**Student:** 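Following this message is one structure expressed as structure tokens.
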Amino acid sequence: MTPAPQSESELLQRALDLAGFTLGEIAAKLSINCPQDLKREKGWVGMLLEAWLGATAGSKPMQDFENLGIELKSIPISYIGKPLETTFVCVAPLTGVHGLSWENSHIRQKLSKVLWIPVEGERDIPVPDRQVGMPLLWQPSEEDERQLKADWEELMEMITLGNVSKINAKHGEYLQLRPKAMNGKVLTEAYGANGQPIKAQPKGFYLRKAFTQRILNKHFVVPD
DNA sequence: GCCTGATCATGT
DNA sequence: ACATGATCAGGC
């Protein structure tokens, strides 16, 4: 495990050092076993990058580099550099949401500064052969923030009004809510239509691919 | 169970 | 082909 970076430039330099290497090569440097596919270790790439960059491991609901105020996100990309998956951000609060605003929300804090690291994610490339790309330190533009806030307010209104059971992934232009649990049997507390407590499947906030693709496109030249 | 890290796999 | 809904692993 690498010690935590003490500055933004130190973190960026470490990330730059990874560009061009394969996941197998990076795993070997850290003496970590590299799986052939991610069917049973879906978060493996993120954990590997955390280990290399010196992120604080653990399940704490805070940014990966707390002292720097930076969140780390690996993003699987296609052969032409487009996102292959949506990006999970954080779990959605289903209770205790009275008075919660976008400005003081957990998700806004997480997205205030993100170090994106593109990694080849095509399933026909064995995990050890997948290459890591150039890192990108990103902060939401005013437009990004407006759009995320609008989606967040729409989604949170459904939660607040007890419409959790009506929520699906089709809501939200750039931000969506999807199940986030080990399986469909996991239930947590939420509000019913009359304000009564009900049990519902946990939800997570995800960034749609159109949003993350725009982030990548602003900084990298990508073929059409 | 809740949170982290996400991708898998099915439905349309 | 792609988005939605479902799922996998690990620490606390």
Side-chain angles (χ1 to χ4, degrees), chain A residues 1-2 4 23 26-27 30 32-66 70-80 82-97 105-107 109-111 114-128 130 132 151 155 158-159 164-190 197-213:
Chain A
M1 175 70 87
T2 315
L23 296 178
I26 296 164
L30 293 169
I32 293 173
N33 183 56
C34 184
Q36 286 302 119
D37 63 61
L38 301 177
K39 289 179 185 178
R40 303 194 67 82
E41 294 177 79
K42 298 178 180 179
W44 187 84
V45 176
M47 304 296 274
L48 179 76
L49 297 181
E50 279 189 348
W52 178 267
L53 296 173
T56 311
S59 56
K60 293 174 294 184
M62 41 185 54
Q63 288 158 312
D64 295 292
F65 302 96
E66 202 183 354
I70 296 174
E71 171 76 8
L72 172 67
K73 287 287 171 202
S74 65
I75 182 164
I77 56 167
S78 71
Y79 292 116
I80 61 169
K82 294 171 64 166
L84 286 168
E85 297 287 346
T86 56
T87 299
F88 168 73
V89 183
C90 60
V91 296
L94 300 185
T95 58
V97 297
S105 67
H106 185 195
I107 184 171
Q109 170 69 7
K110 279 230 167 186
L111 292 178
V114 180
L115 180 64
W116 299 94
I117 302 189
V119 179
E120 289 182 322
E122 297 282 6
R123 293 187 200 179
D124 60 7
I125 308 177
V127 175
R130 295 183 188 179
V132 175
D151 284 340
L155 298 170
M158 299 186 72
I159 292 172
V164 174
S165 61
K166 294 177 185 166
I167 290 175
N168 60 43
K170 296 183 179 67
H171 299 287
E173 190 175 1
Y174 294 106
L175 199 60
Q176 62 180 173
L177 282 171
R178 301 222 306 280
K180 175 59 176 168
M182 185 60 162
N183 57 54
K185 295 172 186 169
V186 177
L187 295 176
T188 191
E189 201 83 0
I198 62 168
K199 290 292 187 180
Q201 191 180 22
K203 305 284 186 190
F205 284 114
Y206 293 78
L207 296 173
R208 290 187 184 276
K209 288 192 277 185
F211 189 83
T212 49
Q213 183 166 356

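Values below: every heavy atom of this structure, side chains too, minus hydrogens, waters and symmetry copies. Every chain is numbered from 1, with letters handed out A, B, ... down the list of sequences. Values in this document were obtained by computation on a predicted structure and should not be read as measured data.
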**Student:** With sequence neighbours left out, write down each residue that passes side-chain contact (heavy atoms from CB on, under 4.5 Å) with A/Ala27, or none if nothing qualifies.
**Tutor:**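 A/Ala27 satisfies side-chain contact (heavy atoms from CB on, under 4.5 Å) with A/Ile32, A/Cys34, A/Trp44, A/Leu48 once adjacent residues are dropped.
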**Student:** Only counting residues at least two apart or in another chain, list the ones meeting side chain to side chain donor-acceptor pair (under 3.5 Å) with A/Glu66.
**Tutor:**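 For A/Glu66, no residue satisfies side chain to side chain donor-acceptor pair (under 3.5 Å) once neighbours in sequence are set aside.
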**Student:** Among residues at least two apart in sequence or on other chains, which ones pass side chain to side chain donor-acceptor pair (under 3.5 Å) with A/Ser74?
**Tutor:**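 Per chain and number, A/Ser74 pairs via side chain to side chain donor-acceptor pair (under 3.5 Å) with no residue.
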**Student:** Give a yes/no on whether any side-chain N or O of A/Arg178 is located under 4.0 angstrom from OP1 or OP2 of C/dA3.
**Tutor:**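 So the side-chain polar atoms of A/Arg178 never come under 4.0 Å of the phosphate oxygens OP1 or OP2 of C/dA3.
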**Student:** Can you identify which nucleotide, out of B/dT7, B/dG5, C/dT4, has its nearest atom closest to the A/Leu38 side chain?
**Tutor:**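 So the side chain of A/Leu38 is nearest to B/dT7.
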**Student:** On a heavy-atom basis, which atom in A/Phe88 and which in A/Gly204 lie closest, and how many Å separate them?
**Tutor:**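 So the minimum-distance heavy-atom pair works out to CE1-CA, 4.0 Å.
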**Student:** side-chain contact (heavy atoms from CB on, under 4.5 Å) with A/Phe65: which residues, sequence neighbours excluded?
**Tutor:**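 For A/Phe65 the side-chain contact (heavy atoms from CB on, under 4.5 Å) partners, ignoring immediate neighbours, are A/Pro5, A/Leu11, A/Leu53, A/Ala55, A/Asn67, A/Leu68, A/Ile70, A/Leu72.
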**Student:** For C/dA9 and A/Arg40 - does any side-chain N or O of the residue sit under 4.0 Å from the phosphate oxygens OP1/OP2?
**Tutor:**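 A/Arg40 to C/dA9 OP1/OP2: side-chain N or O found under 4.0 Å.
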**Student:** My understanding is that only residues two or more places apart in sequence, or in another chain, count here; which of them pass side-chain contact (heavy atoms from CB on, under 4.5 Å) with A/Lys42?
**Tutor:**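 A/Lys42 satisfies side-chain contact (heavy atoms from CB on, under 4.5 Å) with no residue once adjacent residues are dropped.
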**Student:** Show me the protein contacts with nucleotides 9-12 of chain B, counting only N or O atoms at under 3.5 Å.
**Tutor:**
{"from": "B/dA9", "atom 1": "N7", "to": "A/Arg123", "atom 2": "NH2", "distance (Å)": "3.4"}

**Student:** Can you list, pair by pair, the side-chain donor-acceptor contacts under 3.5 Å of residues 116-125 of chain A, counting residues two or more places apart and other chains?
**Tutor:**
{"from": "A/Glu120", "atom 1": "OE1", "to": "A/Gln131", "atom 2": "N", "distance (Å)": "2.9"}
{"from": "A/Glu122", "atom 1": "OE2", "to": "A/Tyr79", "atom 2": "N", "distance (Å)": "3.2"}
{"from": "A/Asp124", "atom 1": "OD1", "to": "A/Tyr79", "atom 2": "OH", "distance (Å)": "2.4"}
{"from": "A/Asp124", "atom 1": "OD2", "to": "A/Tyr79", "atom 2": "OH", "distance (Å)": "3.2"}

**Student:** Give the C-alpha distance, both sets of side-chain angles, the deciding distance and a yes or no for salt bridge (charged side-chain N to carboxylate O under 4.0 Å, His left out) between A/Lys209 and A/Glu85.
**Tutor:** CA-CA 7 Å; A/Lys209 288 192 277 185; A/Glu85 297 287 346; over 6 Å; no
**Student:** Could you work out how much the helix from B/dG1-C/dC12 to B/dT12-C/dA1 bends, comparing the axis of its first five pairs with that of its last five, to 10°?
**Tutor:**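 It works out to 30° between the end axes.
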**Student:** What parts of residues 166-174 of chain A reach DNA chain C, counting only heavy atoms under 4.0 Å away?
**Tutor:**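 A/Asn168, A/Ala169, A/Lys170 - these, ordered by number, are the residues of the stretch whose heavy atoms sit under 4.0 Å from the strand.
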**Student:** Between the base of B/dA6 and the side chain of A/Tyr206, is there a donor-acceptor distance below 3.5 Å?
**Tutor:**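 Per atom types, the contact qualifies.
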**Student:** Heavy atoms from C-beta onward define the side chain here; which of C/dT4, B/dT4, C/dC8 lies closest to that of A/Gln176?
**Tutor:**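 Given the options C/dT4, B/dT4, C/dC8, the side chain of A/Gln176 is closest to C/dT4.
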**Student:** What is the distance, to the nearest angstrom, from the CG atom on A/Leu84 to the P atom on B/dT7?
**Tutor:**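 For the pair A/Leu84 CG and B/dT7 P, the rounded distance is 9 Å.
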**Student:** Quick check on C/dC2: is either OP1 or OP2 less than 4.0 Å from any side-chain nitrogen or oxygen of A/Lys209?
**Tutor:**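 Result: no.
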**Student:** Under 3.5 Å, side chain of A/Thr2 to main-chain N/O of A/Trp52, donor-acceptor pair present?
**Tutor:**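 Here the side-chain-to-backbone pair exists.
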**Student:** Identify each donor-acceptor pair in which a side-chain atom of residues 165-174 of chain A lies under 3.5 Å from a protein atom, sequence neighbours left out, and give them as a table.
**Tutor:**
{"from": "A/Asn168", "atom 1": "OD1", "to": "A/Lys170", "atom 2": "N", "distance (Å)": "2.8"}

**Student:** Please report, rounded to the nearest Å, how far the P atom of C/dG10 is from the CG atom of A/Asn33.
**Tutor:**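 Taking CG of A/Asn33 and P of C/dG10, I get 12 Å after rounding.
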**Student:** Not counting sequence neighbours, which residues clear side-chain contact (heavy atoms from CB on, under 4.5 Å) with A/Thr188? List them please.
**Tutor:**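 For A/Thr188, the residues satisfying side-chain contact (heavy atoms from CB on, under 4.5 Å) (neighbours in sequence not counted) are A/Leu94, A/Pro202.
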**Student:** Yes or no on side chain to side chain contact (heavy atoms under 4.5 Å, CB included) for A/Leu84 and A/Ile75, after CA distance, side-chain angles and deciding distance?
**Tutor:** CA-CA 8 Å; A/Leu84 286 168; A/Ile75 182 164; over 6 Å; no
**Student:** Specify the closest pair of heavy atoms between A/Pro35 and A/Asn33, including all atoms of both residues, with the distance to one decimal.
**Tutor:**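 Looking at all heavy atoms of both residues, the shortest contact is CD-O, 3.7 Å.
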**Student:** If I take atom CD in residue A/Glu50 and atom C1' in nucleotide C/dG10, what distance separates them, rounded to the nearest angstrom?
**Tutor:**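 A/Glu50 atom CD is separated from C/dG10 atom C1' by 12 Å.
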**Student:** Please list, by residue number, the residues of residues 179-188 of chain A whose heavy atoms come closer than 4.0 Å to an atom of DNA chain B; answer none if no residue qualifies.
**Tutor:**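 Heavy-atom contacts with DNA chain B come from A/Lys180, A/Leu187, A/Thr188.
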